[in-house]
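In this chain, residues are counted from 1 in sequence order.
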Amino acid sequence: MLFGNPELFAVARSAKLGESSLHAGLAELRDWVFSEFDVRVVHIVYDHIDIGPAKGRPRLNLILETDVDFNSLKTDAITIHPDIRDKVVRRFQQIAKRHPDLESDNVHLVFDNFSDECLGRACSAFLRHDAKRITNDFKHTIWQIDGFSRVLAVFLYTDNEIKKCTADGTCKQICQQCFNAVKMYDEFDYLTADSFQLRFDSKENLDVNYKGNLFYYWR
């Protein structure tokens with residue numbers, strides 16, 4: 001998976017930038033997936049599972065480009081639609097017959113979301129470089145800005161303050177400033193109003209329901 005795997009992300013990023021090419025059989029599969037399902041594939045990684053009871057099993061990772069591409073092939077966040085999985089595997093097996101270096105028996109198919117990881121990295125850069133500045137700009141309103149992956153949480157002090165700041169437009173102003181700051185790190189222009197994941201919460205809620213612990217909050 002791309003999350004927490006800088007080496008895999010570097011490979012996918014290189015492919016997105018046109019700095020690397022695919023194995024001919026994998027390129028054929030990429031083009032077929034686009035034609036068959038109208039989804040964009042940034043890169044395909046073919047390798048073998050290296051640990052656990054499935055060690056040695058061939059693995060095919062299709063790194064899809066956007067949320068729309070990724071979600072259109074899944075039944076939920078982790079499950080590939082069975083019909084789509086079977087179609088992709090069958091097509092890969094047909095292609096592999098012409099490429100002896102591609103082992104296709106019992107292949108394990110996974111999908112990754114390139115834009116999700118890009119936006120997660122943009123949000124991480126925002127938290128390192130800009131969150132404190134925006135907190136200081138609204139120091140009487142914001143307690144802290146935190147996040148996990150691409151989800152940001154702006155903590156005000158109380159639940160009542162969230163209601164008040166939503167009504168008077170302060171939350172909208174904070175959200176826009178955060179969006180503008182994250183956008184500076186959005187290398188491939190994936191950040192939109194729809195893909196931006198920011199929520200308002202309160203220190204009051206954190207203290208009451210998560211013992212004031214951000215680790216518990218994001219777990």
Sequence neighbours excluded, the answer for salt bridge (charged side-chain N to carboxylate O under 4.0 Å, His left out) partners of Asp47 is Arg59
Cation-pi check, Arg121 onto Tyr185 ring (under 6.0 Å, within 45° of axis): no
Does a sphere of radius 6.0 Å around NZ in Lys74 hold more than 12 heavy atoms from other residues, nucleotides or ligands, not counting ones at 6.0 Å or beyond? yes
Margin query: Between Lys55 and Asp50 (salt bridge meaning N to carboxylate O under 4.0 Å), is one present in this structure?
Written below: no
Hits for side-chain contact (heavy atoms from CB on, under 4.5 Å) against Asn71, two or more places apart or cross-chain, chain-then-number order -> Asp67
Exercise for review: Inspect the contact between Asp159 and Lys163 and indicate whether a charged nitrogen and a carboxylate oxygen are less than 4.0 angstrom apart.
Suggested key: no
Here the pair of heavy atoms bringing Val110 nearest to Ile80 is CA-CD1, 4.2 Å
message: Is the distance between the ring centroids of Phe37 and Trp32 under 6.0 Å?
response: yes
Interatomic distance, CG@Leu73 vs CG@Asp38, rounded to 0.5 Å, equals 10.0 Å
*asked:* Does atom NZ (Lys132) have a neighbourhood of more than 12 heavy atoms from anything else shown, all under 6.0 Å?
replied: no
**Asked** Side chains of His48 and Glu103: is there a donor and an acceptor less than 3.5 Å apart?
**Response** yes
- Task: Take Thr170 and Phe138 through the side-chain contact (heavy atoms from CB on, under 4.5 Å) test and state the conclusion after the steps.
- Result: CA-CA 9 Å; Thr170 302; Phe138 295 89; 4.2 Å; yes
Scanning both residues in full, the closest heavy-atom pair of Glu36 with Lys87 reads OE2-NZ, 3.6 Å
Phe200 meets the ring-ring contact (aromatic ring centres under 6.0 Å, His included) criterion, sequence neighbours left out, with none
Review point. Yes or no on side-chain hydrogen bond (donor to acceptor under 3.5 Å, both in side chains) for Asp194 and Thr192, after CA distance, side-chain angles and deciding distance?
Key: CA-CA 5 Å; Asp194 289 334; Thr192 65; 5.0 Å; no
Below 4.5 Å, heavy atoms only, C-beta onward: do Tyr46 and Pro58 meet side chain to side chain?
yes
For Leu156 and Cys171, the nearest pair of non-hydrogen atoms, with its separation, is CD1-SG, 4.3 Å
Lys/Arg N to Asp/Glu carboxylate O, Arg150 vs Glu117, below 4.0 Å = no
inquiry  = Could you go through Leu62 and Val45, starting from their C-alpha distance and side-chain angles, then the distance that decides it, and tell me whether this counts as side-chain contact (heavy atoms from CB on, under 4.5 Å)?
reply    = CA-CA 7 Å; Leu62 273 62; Val45 177; over 6 Å; no
May I ask you to say whether Asp207 pairs ionically with Lys203, meaning some side-chain N is under 4.0 Å from a carboxylate O?
yes
For Asn209 and Asn205 the tightest heavy-atom approach is ND2-OD1, 2.5 Å
Note: Asp146 and Trp218 closest approach over all heavy atoms is OD2-NE1, 2.6 Å
Taking every heavy atom of Asp168 against every heavy atom of Cys165, the minimum-distance pair comes out as OD1-O, 3.0 Å
Output for pair (Gln93 CD, Lys97 NZ), nearest 0.5 Å, gives 8.0 Å
Rounded to the nearest 0.5 angstrom, the NE2-OG distance for His43 and Ser21 is 9.0 Å
d(Asp112 CG, Leu64 CG) to nearest 0.5 Å is 8.0 Å
task = Kindly indicate, with the supporting measurements, whether the criterion side-chain contact (heavy atoms from CB on, under 4.5 Å) is fulfilled by Asp137 and Gln177.
result = CA-CA 10 Å; Asp137 289 345; Gln177 287 201 27; 3.8 Å; yes
With the side chain counted from C-beta on, respond yes when Val41 and Phe34 share a heavy-atom pair under 4.5 Å apart, and no when they do not. no
query = Will you find, in the side chains of Asn113 and Ser115, an N or O donor that is under 3.5 Å from an N or O acceptor?
reply = yes
Under 4.5 Å between any side-chain heavy atoms of Trp143 and Val154, yes or no?
no
### Query
When the ring centroid of Phe148 is compared with that of Tyr217, is the distance short of 6.0 Å?
no
Exceeds 12 heavy-atom contacts within 6.0 angstrom, atom CG of Leu17: yes
Is there a donor-acceptor contact under 3.5 Å linking the side chains of Thr79 and Asp76?
yes
Separation between CD (Glu28) and CD1 (Ile44), nearest 0.5 Å, reads 10.5 Å
Point to revise | Thr158 and Asn160 side chains, donor-acceptor separation under 3.5 Å | key: no
So CG of Asn61 and CG of Leu2: to nearest 0.5 Å the spacing works out to 7.0 Å
pair Ile142-Phe155: side-chain heavy atoms closer than 4.5 Å: no
Asp101 versus His23, side-chain donor and acceptor atoms under 3.5 Å: yes
- Task: Begin from the C-alpha positions of Phe3 and Phe9 and carry the test side-chain contact (heavy atoms from CB on, under 4.5 Å) through to its verdict.
- Result: CA-CA 8 Å; Phe3 182 71; Phe9 178 77; over 6 Å; no
Is the closest basic N to carboxylate O distance between Glu65 and Lys16 below 4.0 Å? yes
